[in-house]
Amino acid sequence: MASKVKVGFKRAERAGNMLVEFFQSFSLFIIGASIIWSAGLFYLHLIQLGRASLEDLLLLFVYLELGAMTGIYFRTKHLPVRFLIYIAITAIARYLIVDIDHIKPMSVLVMSVSIAVLTVALWIEHRVVDMGVASEDESSP
């Protein structure tokens, strides 16, 4: 009787894992399609305008980074933290560029320090990943 329960539990666990995997893949597909759709519409808008400002180009970079992050997560099932940091830096920089006339000086300072902190975090993340790769290379024959 106990072995039937274990078999039933394993089947339910496999079915649950498959459903979670399906939901995750489907959700990532929807997110990726939404990013492509939004970026495409924004690009068509730029074509209609006949020009692109620096703030427009920075928004295109945000779309690119979101798409790259989604694609990497779709393939590897790992969320690359560095892409989140890139997106945060680009978004803050874009906000500073777009609304600089309406931002208080203290807010500009805080956002600038935030960019510096994120840049240091990115440097640390690169160092940690490089050290991890180096230690893996040393341990393999």
Side-chain angles (χ1 to χ4, degrees), residues 2-141:
S3 66
K4 284 186 178 184
V5 171
K6 284 184 181 180
V7 170
F9 179 74
K10 286 184 181 184
R11 284 183 186 163
E13 186 177 25
R14 271 185 281 166
N17 288 339
M18 284 176 36
L19 286 173
V20 167
E21 182 75 26
F22 171 77
F23 177 76
Q24 185 179 28
S25 295
F26 180 74
S27 299
L28 282 171
F29 177 78
I30 295 297
I31 291 169
S34 299
I35 292 168
I36 292 169
W37 178 43
S38 297
L41 288 177
F42 182 70
Y43 189 71
L44 289 175
H45 173 72
L46 292 180
I47 290 173
Q48 287 176 340
L49 285 178
R51 62 178 172 76
S53 66
L54 180 58
E55 66 187 82
D56 297 331
L57 295 174
L58 288 172
L59 185 56
L60 287 174
F61 269 109
V62 170
Y63 283 127
L64 173 67
E65 292 162 359
L66 284 169
M69 183 180 68
T70 304
I72 288 171
Y73 188 70
F74 204 154
R75 284 181 278 158
T76 65
K77 303 294 186 234
H78 296 287
L79 185 63
V81 173
R82 76 176 57 164
F83 279 94
L84 293 172
I85 297 172
Y86 292 150
I87 291 167
I89 291 171
T90 305
I92 294 170
R94 182 180 183 278
Y95 181 72
L96 282 171
I97 291 167
V98 171
D99 292 331
I100 193 68
D101 295 336
H102 309 292
I103 303 173
K104 295 179 182 175
M106 186 56 120
S107 295
V108 172
L109 178 64
V110 168
M111 285 186 245
S112 300
V113 170
S114 298
I115 290 173
V117 168
L118 289 167
T119 303
V120 169
L122 190 60
W123 179 78
I124 291 169
E125 191 270 344
H126 279 287
R127 297 282 295 175
V128 168
V129 168
D130 290 345
M131 284 176 24
V133 169
S135 65
E136 286 177 16
D137 290 343
E138 291 170 2
S139 64
S140 52

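Because the structure is predicted, anything quoted here is derived from the model rather than measured.
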(message) Nearest 0.5 Å, please: how far is CE in Met69 from CD1 in Ile31?
(response) 8.5 Å

(request) Write down the atom of Glu55, the atom of Arg94, and the distance for their closest heavy-atom approach. (result) O-NE, 3.1 Å

(message) Classify the ring geometry of Phe26 against Phe22: parallel below 30°, tilted from 30° to 60°, perpendicular beyond 60°.
(response) parallel

(request) Compare all side-chain heavy atoms of His45 with those of Leu41 and state whether any distance is below 4.5 angstrom. (result) no

(request) Look up atom CG in Leu59 and atom OG in Ser38, then write down how far apart they are to the nearest 0.5 Å. (result) 9.5 Å

(message) Testing Leu109, Val110, Ile103 one by one against Ser107 for a side chain to side chain contact (heavy atoms under 4.5 Å, CB included), which residue passes?
(response) Ile103

(message) My understanding is that only residues two or more places apart in sequence, or in another chain, count here; which of them pass ring-ring contact (aromatic ring centres under 6.0 Å, His included) with Tyr73?
(response) none

(message) Looking at Ser53, is its backbone amide N or carbonyl O close enough to the side chain of Asp56 to form a donor-acceptor pair, meaning the two atoms are under 3.5 Å apart?
(response) yes

(request) Measure the shortest side-chain to side-chain distance between His78 and Ile72 over non-hydrogen atoms and say whether it is less than 4.5 angstrom. (result) no

(message) Walk me through whether Val62 and Leu58 qualify under side chain to side chain contact (heavy atoms under 4.5 Å, CB included).
(response) CA-CA 6 Å; Val62 170; Leu58 288 172; 5.8 Å; no

(request) Of all the heavy-atom pairs spanning Ile92 and Ser114, show the shortest one and how long it is. (result) CD1-CB, 4.1 Å

(message) With rounding to the nearest 0.5 angstrom, report the CG to CG distance, Leu60 to Leu64.
(response) 9.0 Å

(request) Supply the atom-to-atom distance Ile87 CD1 to Phe61 CZ, rounded to the nearest 0.5 angstrom. (result) 13.0 Å

(request) Output the distance between atom OG1 (Thr70) and atom CZ (Phe83), rounded to the nearest 0.5 Å. (result) 10.0 Å

(request) Could I get the full list of side chain to side chain donor-acceptor pair (under 3.5 Å) partners for Tyr63, not counting sequence neighbours? (result) none

(message) Tell me whether Phe74 at atom CZ has more than 12 heavy atoms from other residues, nucleotides or ligands lying less than 6.0 Å away.
(response) yes

(request) Among Leu122, Leu118, Ile124, find the residue that satisfies the side chain to side chain contact (heavy atoms under 4.5 Å, CB included) test when tested with Val120. (result) Ile124

(request) First locate atom CD of Glu65, then atom CD1 of Ile85, and finally report the distance between them rounded to the nearest 0.5 Å. (result) 11.5 Å

